[in-house]
Amino acid sequence: MKVMQKAAGAAAAVYRSALLRGVYFLGGVLVSRGAVFGTYAPFGVAFAAAVPYENALAAALGSCFGYILLLRGESFRCVASVVTVFALRWLFSDLPKVNGSRVFAPLISAAPLLCTGAVIVLATGKGKTAAVMCVLEALLAGVGAYFLHETSLLAAGSKGIATFDQQEIACIVMTGCIFLLSANSLSIGGISLGRILAVTAVLFCAYYGSVAGGCIGGTATGIVFGLSAPEYGFLALCYSFGGLMAGVFSYVGKIGAAAAFLLCSAVVSLKDGVTAQTAAVFYETVAASLIFLFIPKEMGNKIALFVTPHTGKDAGDSLRRGVIMRLDLAARAISGINDAVNSVAQRLGDCYSNELEGVFSRTIEESCSRCGMRAFCERDGEEGHRERMMGLAPILKSAGEVEESDVKRIFSKRCCRTEELARTLSDNYSSYKGYLAAKARAAQIRGVVAGQFSGLAEILYGMKAEFERYETCDTAAAERITAALKVSGFLALECSVRTDTHDRMTVELELADENRKLLKRDDVCREISRLCGRKLSPPQSSVVGNRVRVTFSQLPKLDVQVASAQHSCRGGRLCGDSFNYFNDGSGRFIAVISDGMGTGGRAAVDGSMAVSIISRLVKAGLGFDASLGAANSALMVKSDDESLATADILSFDLFSGEAEIMKAGAPVTFFRRSGKVIRVEPPSLPAGILPDVKLTHDEIDLDDGDLIVMVSDGAVAMSDEWIGAMVRDFEGADVQELVNDIIDEAMISSKFGRDDDITVLGVRVMSS
């Protein structure tokens, strides 16, 4: 069996190798047919010099065959040049540094044409014009070999099309123009198929690549086709000017770009009057414009990845790293405030005792240690002396100080320093009261720090983590989107197009509130997808004041089917449980359940407030722990009475399939993965009890067909084994059936115990 598999693999490798060589042979045939100045065809020689060495023989044979078909009896010089190029490549094949040099291919392609051309000029006695044309042909061969060689390196590399910079795109466009030139001779009535394809390519570059794409495409095609024949020299200006203006008016749409190119082409080509060549160019432009207008948008989205110039990320990356560093420092500084407050409280504790007894011990130490009568006073022992002194405690508590007469009454005739003892005791008690006030203030500050500063630190840490996820910012795409929305009547106050470390794109817009109707238009999402060259999911929005934050994320590979059901305790109108689910705009599905303490209206307020705060902050881009901290602070200051709520949060990454379950006092969550049920129930505390509350985090990987069931406390009041069994045995197509069955069973169980609010949320993972 293994022998057969190896034989099949070897046969497939041979087939792929033969197919690849056939492609290079065909490429040599095509590129050698591209002629400049009417009869000069240097690009077949350039192609043989530029392709990878393992395919050089196939390319050389194809070029020779193309020259024989194109030039007939005059093909000897070009064929000899191709043979010379292949011989030189074979000669230097053992020197990788020479073969890999960027100047090697241009040199070995230009030298044979220059030498053979010089021999013919000298042998035939042709004039200076022939000599100049010979030099130009050799230069064009060298330039063509450079572009072909660079394109072959890009094709063999690991970089994606979307990461090419403008120089690399220019090389690819020039290579495409060299191949298009081979179709220039295919004409009917003077109308060339090659020029029609060239104009179509320029329109694509201008429409999807804006001004930069139009300039690159127009200049490249104009130069190549302007050199095809002397009478078509005006094409260099015609195509470059038309590409520039088509890029300028690309925001108007396809019709605007095509009309701008057609008008500019007509102005340039007709400036010297109507000729057969200018008329043919006009008809070719009309034909190319019609082809461009009727090409589907789906194809355009793929082409946009090719023609959109890549913005250098060095400056943007440096700025990103600077912002991350500043956020990290700010978060650490704010987190350190809590340590500073605790340090102050510790120093206070070192200075003063926490008990009133410490006041009397300190007084004895300060006043009695140097007294010569101390032994007489302590005849009953030191403890007895302290007990007699503590008899002054009621007076201290009521009056805040003691008089000398109070000391004389307690100690009778035992003490000879009653005045000093009264003064020292009053001073120490005053310091003790100051300590109590400082301690209360420190506790109050610690509460503020835990509830506010710690929450702010979590927000900054979350922003830092988000900045770290994003690797590049596409400013060119952001400018195109802003311009397109402006044409549609929408003003984007801010626009950001970001790509994270996993190559997922996110588009974020900030609009005025009156532009919220943008979200209801499907064509806007399709247009933004086209401008970005990615398929984007429908927008998600969050409203802050009079601003709307709209987020489009790249369409993920997974989707979810969601079902929910609730039961209110004793059939009441208000349910103490609250839930919400949404896509956060970054490729994650978020679900939140909160169970307020108790039942009825008060519990409904607590649960609803927790869900609302967490949902709003997560949609705005904050982290889950920071969002829970804000909800916790709101619950603690809502009223003087105890007010608490659980938090059960699911974050499911629709790209990777990674599910993260986070809990604060919430019950068990059930996952069915590959037919097996997994229970997740980490211990945690609800929000609203302590100033600093944290979520527990657990992760699990899911795939198509897996299930998630989240429940509130009311569903598992008696037990939860039966829910796991129902999740394991469920085979229905609609998750709503499972959710309804769990609610029904939970209500039956509640009849034998205490009725409670019940919430069940079911999520099925599906392929998108």
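In this chain, numbering begins with 1 at the start of the sequence shown. All heavy atoms count here, side chains included; hydrogens, waters and symmetry mates do not.
Between Ala141 and Leu113, the shortest heavy-atom contact is CB-CD1, 3.5 Å. A pairwise comparison of heavy atoms in Val202 and Gly243 identifies CG1-CA, 3.7 Å as the closest pair. For the pair Arg21 and Glu54, the tightest heavy-atom approach, listed with the atom from each and the gap, is NH2-O, 3.2 Å. Between Val85 and Pro112, the shortest heavy-atom contact is CG2-CG, 4.1 Å. For the residue pair Ala48 and Arg89, the shortest heavy atom distance occurs at O-NH1, 3.1 Å. Closest of all the heavy-atom pairs between Ala138 and Leu114 is CB-CB, 3.8 Å.
Checking Tyr239 against Arg195 by side-chain atom types alone, no donor-acceptor pair falls below 3.5 Å.
You'll find the side chain of Phe234 reaches within 4.5 Å of the side chain of Thr278, heavy atoms only. Looking at Thr506 and Gln554, their side chains never come closer than 4.5 Å, going by heavy atoms from C-beta outward. You'll find the side chain of Ser152 stays beyond 4.5 Å of the side chain of Val51, heavy atoms only. With contacts defined as side-chain heavy-atom distances shorter than 4.5 Å, the pair Tyr207/Arg530 qualifies. Looking only at side-chain heavy atoms (C-beta outward), Leu153 and His149 come within less than 4.5 Å of each other. Counting only heavy atoms from C-beta outward, the side chains of Glu284 and Val199 never approach each other to under 4.5 Å. At a threshold of 4.5 Å between non-hydrogen side-chain atoms, the residues Phe261 and Phe249 do not count as touching. A heavy-atom distance below 4.5 Å is not found between the side chains of Leu197 and Ile291.
Not a single donor-acceptor pair under 3.5 Å links the side chain of Arg480 to the backbone N or O of Cys532.
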- Asp704 vs Met766, side-chain contact (heavy atoms from CB on, under 4.5 Å): CA-CA, chis, key distance, verdict: CA-CA 5 Å; Asp704 185 15; Met766 304 183 302; 4.2 Å; yes
- Message: What verdict does the side-chain contact (heavy atoms from CB on, under 4.5 Å) test give for Leu509 and Ile481, after you've listed the backbone C-alpha separation in whole Å, the side-chain angles of each residue and the deciding distance to 0.1 Å?
- Response: CA-CA 10 Å; Leu509 298 171; Ile481 293 172; 4.2 Å; yes
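The structure places CG of Leu262 at 5.5 Å from OG of Ser289, a figure rounded to the nearest 0.5 Å. With rounding to the nearest 0.5 Å, the separation of CG in Leu140 from OG in Ser109 is 10.5 Å. Between Ser767 atom OG and Asp703 atom CG the span is 7.0 Å, to the nearest 0.5 Å. Atom OG in Ser537 sits 8.5 Å away from atom CG in Leu654 (nearest 0.5 Å). In this structure, Lys557 NZ and Asp653 CG are separated by 9.5 Å, a value rounded to the nearest 0.5 Å. Distance check, rounded to the nearest 0.5 Å: CG of Leu290 to CD1 of Ile196 gives 10.0 Å.
Within 6.0 Å of atom CG in Leu19, more than 12 heavy atoms from other residues, nucleotides or ligands are found, so the atom counts as buried in its surroundings. Within a 6.0 Å radius of OH in Tyr283, other residues, nucleotides and ligands contribute 12 heavy atoms or fewer. The environment of Ile255 atom CD1 is sparse: at most 12 non-hydrogen atoms of other residues, nucleotides or ligands sit within 6.0 angstrom.
Every residue two or more places apart in sequence or in another chain was checked for a side-chain hydrogen bond (donor to acceptor under 3.5 Å, both in side chains) with Thr482, and none qualifies. Legend: residues meeting side-chain hydrogen bond (donor to acceptor under 3.5 Å, both in side chains) with Glu479, ordered by chain and number and at least two apart, are absent. Residues meeting the side-chain hydrogen bond (donor to acceptor under 3.5 Å, both in side chains) test with Thr219, sequence neighbours left out: none.
For the side chain to side chain contact (heavy atoms under 4.5 Å, CB included) with Leu57, the qualifying choice from Phe25, Phe86, Trp90 is Phe86, the only one to do so.
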